[in-house]
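Since the structure is predicted, the reported quantities are computational estimates derived from the model, not experimental observations.
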Amino acid sequence: MVCRVHSANFTTTNPVPIPHEWYEPGDPVIGEIASLIRYFLPNFLFNIHPTEVLIDHPMVLSKFYQHILALVFAIDEINENPKVLPNLTLGFHIYDSYYDAKMTYRTTLDLLFNSHTFVPNYKCGYQENVIGVIGGLSSEVTSCMADILGLYKIPQTSYGSFEAVTNHQIKFPSFYHMVPNERLQYQGIIQLLLHFGWKWVGLITPANEAGERFLNTIEPMLFKNKICSALTERIEYHIRYTGNMFDMLHSFLQKISFNNSAGDEITLNERGELAAGFDITNLITFPNRSYIRVKVGRLDPQAPPGKELTINDGQIEWHRGLTQVPPQSLCNDNCRPGYGKKKKEKSKFCCYDCEPCPSGMYSNEKDMETCISCPANKYPNQDQDNCIPKIPNFLGFDEILAIISTSSALLFSLITALVLGIFIKHKDTVIVKANNRSLTYILLVSLLLCFLCSLVFIGTPKQATCLLRQTGFGIVFSVALSSILAKTISVVLAFMATKPGSTIRKWVGKKLAYSIVLSGSIVQVGLCGVWLATFPPFPDLDMKSMSEEIIFLCNEGSVHMFYCVLSYMGFLATVSFTVAFLARKLPDSFNEAKFITFSMLVFCSVWISFIPTYLSTRGKYMVAVEIFSILASGAGLLACIFFPKCYIILVRPELNTREHLMQRKI
């Protein structure tokens, strides 16, 4: 056995001298980079040669001397037992890292090339077969060793793993790390923060390469999990923890497990990394400033996804000075349900204001990023923290509007039927005959149907009612308007036919009147037929127009066809009004033109006001507007055209004579 210990205050010809090493020859040789001795190394300056700089006396951390003894005793026991490695003698070569990156690189190179004259990448003097290296008490030392060992495919393992390997098999075909994956520790930190709801944290790292590597790894993970780092402090001290940052690839060691001499199961994952978990301990302090560690949870990499972290919150002993347990770590209070986050300018995303959800949106959990919209069939409640079903909106038979509309429609229908009965009963009187009683009957029947068709608009929209609503109303009103137009033209032609030598007399009669009614109605029937054949109306739901209600409606299918039907009715009404207006002063005692003029004025006024009112309303009120327009325009025609005649028939029968009819007014 060879043991070399150099003086602590020294200068040598080597630029970075190695004060300590322990070597025992063998074939093969196990290397070790211990963490026993610490020098407070000076900063090397470019104007002074490194060999001229004195190094102070070392500080020995005797606690870690057990790592060196464990390797020595293990190798001695292996060599003394011929059954473990027959015909093979293990050696060891031990150096120290001195807790310094430069010294770690230097001792690792010296371990491989074994030359006390520093010539990198050359093997000089006697040679040794280093088949593996143990060491890396901290992540900084581990990474420095890996930088060198990785180039030469020398395997590296952490303390505590060597015995497990030797009990299994000495075989190192390629480079791997038998150390716990450092990233698992980071994941454990993230899960621990999320478990307690801590979103506003500070990061304290050593001011060295390991600290920068920690920040570069943990900060993206914090951001991904919506955790903000409130501050980052780099300080001059060492945080010691074992770990590994490298993701190296060996097939021999993928997913194997075995027991060491203590009976503990050792498992390697598919990357050749030690698949070890971590205990979560609670440091409990006492008034006398003593403390104990109590295990309160575990981070298990073998657990199913999402269940790696287990914590027993009941076992945690929080500090007595805390006013709230667990303590909160937030930039600001969580937003209550019904509120969403609003980013603060020039602040990290964990710092935000809370503002009420916009109209039509809600949030039902604390601290939601943004408010969300309710489903189409629901709307937010008053607090905007939940969605409630929308109320159905349609003109039901049990509503006041529907009752008034139904009563009015039935009343006007009854009045129309009574007027028709009066005209039928007095069909042989002069006033009924004088105004073409056939057209009168057609007009009264069409008005009766107009009043009754308004009832189709009441109730839940169905396929049949949707098909009949606009088309039925359009056709029967077109028949009524065509009848009025025929009556007006008949009055004009009748007056013109009384002039001596007039050739228009041959046009006067029922044939012309029926032709006008038929031709005027057939156009509307054709329009409705095209509408039903191409884009017919159908029952539909409107969930967007009203925030708290679902509108049950008849979708018109083709809005263009709907307005074509209305436009044609407007055309007939305009022509009737024009002809009646021109004939209003004809000298005839029973001239209907003046009454038709007024009735058409009422009709046009109702439907001109209908269009903007109809377009500005929604739901049952839109239906009520159309029902009102149908009833009002029909009642206007009934009152203006027929009430004066009924008055003469019933109250002034003396005027219902041929003599009175033949009188001319000047």
Visitor: Let's go through Phe571 and Trp607 carefully: what are the C-alpha distance in whole Å and the side-chain angles of both, what is the deciding distance for ring-ring contact (aromatic ring centres under 6.0 Å, His included) to 0.1 Å, and is it a yes or a no?
Guide: CA-CA 12 Å; Phe571 169 75; Trp607 287 102; over 10 Å; no
Visitor: With a cut-off of under 6.0 Å to the ring centre and 45° to the axis, is Lys341 in cation-pi contact with Tyr352?
Guide: yes
Visitor: Looking only at side chains, do Ser438 and Tyr514 share a donor and an acceptor under 3.5 Å apart?
Guide: yes
Visitor: Tell me whether Asp540 contacts the main-chain N or O of Asp542 through its side chain, where contact means a donor paired with an acceptor under 3.5 Å.
Guide: no
Visitor: Would you indicate whether Tyr614, at its atom OH, is surrounded by more than 12 heavy atoms from other residues, nucleotides or ligands within a distance under 6.0 Å?
Guide: yes
Visitor: How close do Pro220 and Leu215 get, heavy atom to heavy atom, and via which atoms?
Guide: CD-O, 4.1 Å
Visitor: Carefully, step by step, assess Phe477 and Tyr568 under the rule ring-ring contact (aromatic ring centres under 6.0 Å, His included).
Guide: CA-CA 10 Å; Phe477 251 109; Tyr568 183 70; over 10 Å; no
Visitor: I'd like to know whether CD1 of Ile400 has more than 12 heavy-atom contacts from other residues, nucleotides or ligands below 6.0 angstrom.
Guide: no
Visitor: Report yes or no: do Ser547 and Lys390 form a side-chain donor-acceptor pair below 3.5 Å?
Guide: no
Visitor: Rounded to the nearest 0.5 Å, what's the gap from CG on Leu638 to CZ on Phe643? Could you check?
Guide: 4.5 Å
Visitor: Spell out, as yes or no, whether a donor-acceptor pair under 3.5 Å connects the side chain of Asn386 to the backbone of Asn381.
Guide: no
Visitor: Ignoring hydrogens, what is the shortest heavy-atom contact between Phe538 and Gly557? Give both atom names and the distance.
Guide: CE2-CA, 4.2 Å
Visitor: Spell out, as yes or no, whether a donor-acceptor pair under 3.5 Å connects the side chain of Arg437 to the backbone of Lys427.
Guide: yes
Visitor: May I ask you to decide if Leu518's main-chain N or O and Ser521's side chain share a donor-acceptor pair within less than 3.5 Å?
Guide: no
Visitor: If you measure SG to SG, does Cys228 sit under 2.5 Å from Cys350?
Guide: yes
Visitor: For Lys348, is the NZ atom crowded, meaning more than 12 foreign heavy atoms sit under 6.0 Å from it?
Guide: yes
Visitor: Verify whether one side chain among Lys487 and Ser576 offers a donor that lies under 3.5 Å from an acceptor in the other.
Guide: no
Visitor: Taking all non-hydrogen atoms of both residues, which atom of Leu330 and which atom of Gly197 are closest, and how far apart?
Guide: CD2-O, 3.6 Å
Visitor: Is it the case that more than 12 heavy atoms not belonging to Gln324 sit under 6.0 Å from its CD atom?
Guide: yes
Visitor: If I compare all heavy atoms of Gly520 with all of Leu572, which pair ends up nearest, and what's the gap?
Guide: O-CD1, 4.1 Å
Visitor: Indicate the atoms forming the closest heavy-atom contact of Pro337 with Lys366, along with that distance.
Guide: CD-CG, 4.0 Å
Visitor: So does Pro358 get a backbone contact from the side chain of Gln384, meaning a donor-acceptor N/O pair under 3.5 Å?
Guide: yes
Visitor: Mark yes or no for whether Ser329, through its side chain, and Trp200, through its backbone, hold a donor-acceptor pair below 3.5 Å.
Guide: yes
Visitor: Which word best sums up how the rings of Phe457 and Phe473 line up, parallel for under 30°, tilted for 30 to 60°, or perpendicular for over 60°?
Guide: perpendicular
Visitor: Which atom names give the shortest non-hydrogen contact between Leu455 and Ala409, and what distance separates them?
Guide: CD2-CB, 3.8 Å
Visitor: Apply side-chain contact (heavy atoms from CB on, under 4.5 Å) to Leu443 and Ser446, showing your working.
Guide: CA-CA 5 Å; Leu443 178 57; Ser446 61; 4.1 Å; yes
Visitor: Does any N or O in the side chain of Ser407 come within less than 3.5 Å of the main-chain N or O of Ile404, such that one atom is a donor and the other an acceptor?
Guide: no
Visitor: Quick check: are there more than 12 heavy atoms from other residues, nucleotides or ligands sitting under 6.0 Å from CG of Asp333?
Guide: no
Visitor: State, yes or no, whether a side-chain contact exists between Glu355 and Cys335 at a heavy-atom distance under 4.5 Å.
Guide: no
Visitor: Between the main-chain N or O of Ala580 and the side-chain N or O of Thr488, is there a donor-acceptor pair closer than 3.5 Å?
Guide: no
Visitor: Apply side-chain contact (heavy atoms from CB on, under 4.5 Å) to residues Thr597 and Phe577 and explain how you reach the verdict.
Guide: CA-CA 5 Å; Thr597 301; Phe577 173 75; 3.9 Å; yes
Visitor: Any donor-acceptor pair under 3.5 Å linking the side chain of Ser405 with the backbone of Leu401?
Guide: yes
Visitor: Using side-chain heavy atoms (C-beta onward) and a distance below 4.5 Å, is Leu193 in contact with Asn225?
Guide: no
Visitor: Could you walk me through whether Ile484 and Leu439 pass side-chain contact (heavy atoms from CB on, under 4.5 Å), step by step?
Guide: CA-CA 8 Å; Ile484 292 173; Leu439 288 179; over 6 Å; no
Visitor: Take the angle between the ring planes of Phe642 and Phe423 and call it parallel below 30°, perpendicular above 60°, tilted in between.
Guide: perpendicular
Visitor: Between Ile422 and Leu650, is the side-chain contact (heavy atoms from CB on, under 4.5 Å) condition met? List the steps.
Guide: CA-CA 9 Å; Ile422 291 172; Leu650 298 177; 3.7 Å; yes
Visitor: If only atom types and distance count, is the side chain of Thr406 paired as donor or acceptor with the main-chain N or O of Ile403 below 3.5 Å?
Guide: no
